[in-house]
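Quick notes on the structure that follows.
A note on names: the letters A, B, ... follow the listed sequences, proteins ahead of strands, and every chain is numbered from 1.
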Amino acid sequence: MPELPEVETLKQVIEPQIQGLKIINAIIKRPEVTAYPTADIFRKRITGQTFMGMSRRGKFLSMHLDSGDQIVLHLRMTGRLLLAPHDYPKEKHTHIIFQLNNGKELRFSDMRRFGRFWLLQQGETDTYTGISKLGFEPFDPEFSAAYLKTKLEKRKKAIKTCLLDQNIVAGIGNIYADEILFAAGIHPARPANSLNAKEWESLATAIPKRLSYFIEKNKITPEEYLETRGQEYRNTPFLQVYGHADNPCLICAAKLCRTVIGGRSSVYCPVCQKQ
DNA sequence: CTCACCCTGTTA
DNA sequence: TAACAGGGTGAG
């Protein structure tokens, strides 16, 4: 489900609601969703701890606890996090329930079970979540056309594949890669080493611009979020190319094309994004 | 690089 | 019934 804007939305909705609440128990129904440590150690260690805040890095979400421990979560394709009253109907595929001291529960559900939790203990070096290998945040002041160019100008891979590489820029997924490349006027299959200076600039501008636009469009109140069960907080009506294959391009009215790049479905305008 | 895989549900 | 789905990893 989530790319950077959705994880950011999730953080903005959930963080103010759990701050200062204590975990009185954790029910881990599917032990495999805790990648590290084991479900039993995970549960014992966090029980009794208090949520201090949340932070996002790329598509990872970290929940900071009072001891300095961090619960790290990656939602992958279909993971969801929902704060609900304890008697609120449970989603199908609910795998972890954090029971809180105000009668509410923070619940993780995930139909495809790809999502993963880690517990980083206070003072421990993170060698397992992958966060330490991530590239710049798109909103990092050091992120720039020069950075992209330096990292990618020798690569022959399709530029879209490079945008999906979390170790270059963190947080871009399949939908927003297409939206970004459309905004930048760059064909998704262009080899990275074929981009010119102007195109690196367009890309470096489009990345934070498009992502912040979608963060804005995704804004949702806690009430709406609960009502839709955390499912529909991506504002698909604002997507310009993804999911619009065969429709007319918003700029030139040419028919949008669909293709597969790096095994991922890709939509682009054959006129605005020349090969 | 491509492909299979981890899973289940939805759509064609 | 099969293809496809917003992610990431590991094998070949």
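- Mapped onto DNA chain C by nearest heavy atom, A:Tyr242 and A:Lys133 fall at different nucleotides, with A:Tyr242 at the one closer to the 5' end.
- At least one side-chain nitrogen or oxygen of A:Gln166 sits closer than 4.0 Å to the OP1 or OP2 atom of C:dG8.
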Practice prompt. Might you work through the salt bridge (charged side-chain N to carboxylate O under 4.0 Å, His left out) test for A:Arg190 and A:Glu199, ending with a clear yes or no?
Written response: CA-CA 11 Å; A:Arg190 287 270 306 280; A:Glu199 290 169 328; 2.8 Å; yes
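- OP1 and OP2 of B:dC1 both lie 4.0 Å or more from every side-chain N or O belonging to A:Lys156.
- Mapping A:Gly263 and A:His74 onto DNA chain C via the closest heavy atom, the residue that lands nearer the 5' end is A:Gly263.
- Distances shorter than 4.0 Å separate none of the side-chain N or O atoms of A:Arg264 from OP1 or OP2 on B:dT2.
- Set against B:dC1, C:dA5, C:dG7, the side chain of A:Lys157 has B:dC1 as its closest nucleotide.
- We find that OH of A:Tyr36 is positioned 20 Å from C1' of C:dT9, with the value rounded to whole Å.
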Worksheet entry | Intermediate values then yes/no, salt bridge (charged side-chain N to carboxylate O under 4.0 Å, His left out), A:Arg57 and A:Glu137 | CA-CA 7 Å; A:Arg57 177 78 171 91; A:Glu137 279 295 308; 3.0 Å; yes
Any N/O pairs under 3.5 Å between the protein and nucleotides 9-11 of chain B? List them or say none.
unit_1, atom_1, unit_2, atom_2, d
B:dG9, OP1, A:Lys92, NZ, 3.0
B:dG9, OP1, A:His93, NE2, 2.8

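- Separation of the P atoms belonging to B:dA4 and C:dC4 is 13 Å when rounded to the nearest angstrom.
- Straight-line distance between the P atoms of C:dA3 and B:dC3: roughly 14 Å, to the nearest whole Å.
- Taking the six-membered ring wherever Trp is involved, the centroid distance between the rings of A:Phe214 and A:Phe238 does not fall below 6.0 Å.
- Between A:Phe114 and B:dC6, a base-stacking contact is recorded: ring centres under 5.5 Å apart, planes less than 30° from parallel.
- Annotation: B:dG9 and C:dG8 have their P atoms spaced 22 Å apart (nearest Å).
- Comparing the P positions of C:dA5 and B:dT2 gives a spacing of 16 Å, expressed to the nearest Å.
- Counting only N and O atoms by type, the side chains of A:Thr78 and A:Asp110 include a donor and acceptor under 3.5 Å apart.
- Between the base of B:dC7 and the side chain of A:Arg112 there is a donor-acceptor pair shorter than 3.5 Å.
- For the salt bridge (charged side-chain N to carboxylate O under 4.0 Å, His left out) with A:Asp165, the lone residue among A:Lys160, A:Arg155, A:Lys151, A:Lys133 that qualifies is A:Arg155.
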Worksheet item: What would the secondary structure line of DNA chain C be in dot-bracket form, counting Watson-Crick and G-U wobble pairs under 3.5 Å, with [ ] for pairs that cross earlier ones and | for pairs with another strand?
Response: |||||.||||||
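- For A:Gln17 and A:Lys104, the side-chain atoms include no donor-acceptor pair closer than 3.5 Å.
- C:dT1 and B:dC6 have their P atoms separated by 22 Å, given to the nearest Å.
- Residues A:Phe182 and A:Tyr268 keep their aromatic ring centres 6.0 Å or farther apart.
- When A:Arg107, A:Lys29, A:Arg80 are each tested for a salt bridge (charged side-chain N to carboxylate O under 4.0 Å, His left out) with A:Glu91, only one passes: A:Arg80.
- Other residues, nucleotides and ligands contribute more than 12 heavy atoms inside 6.0 Å of the NZ atom of A:Lys59.
- Between B:dC7, C:dG7, C:dC4, one nucleotide has an atom nearer to the side chain of A:Arg76 than all others, and that is C:dG7.
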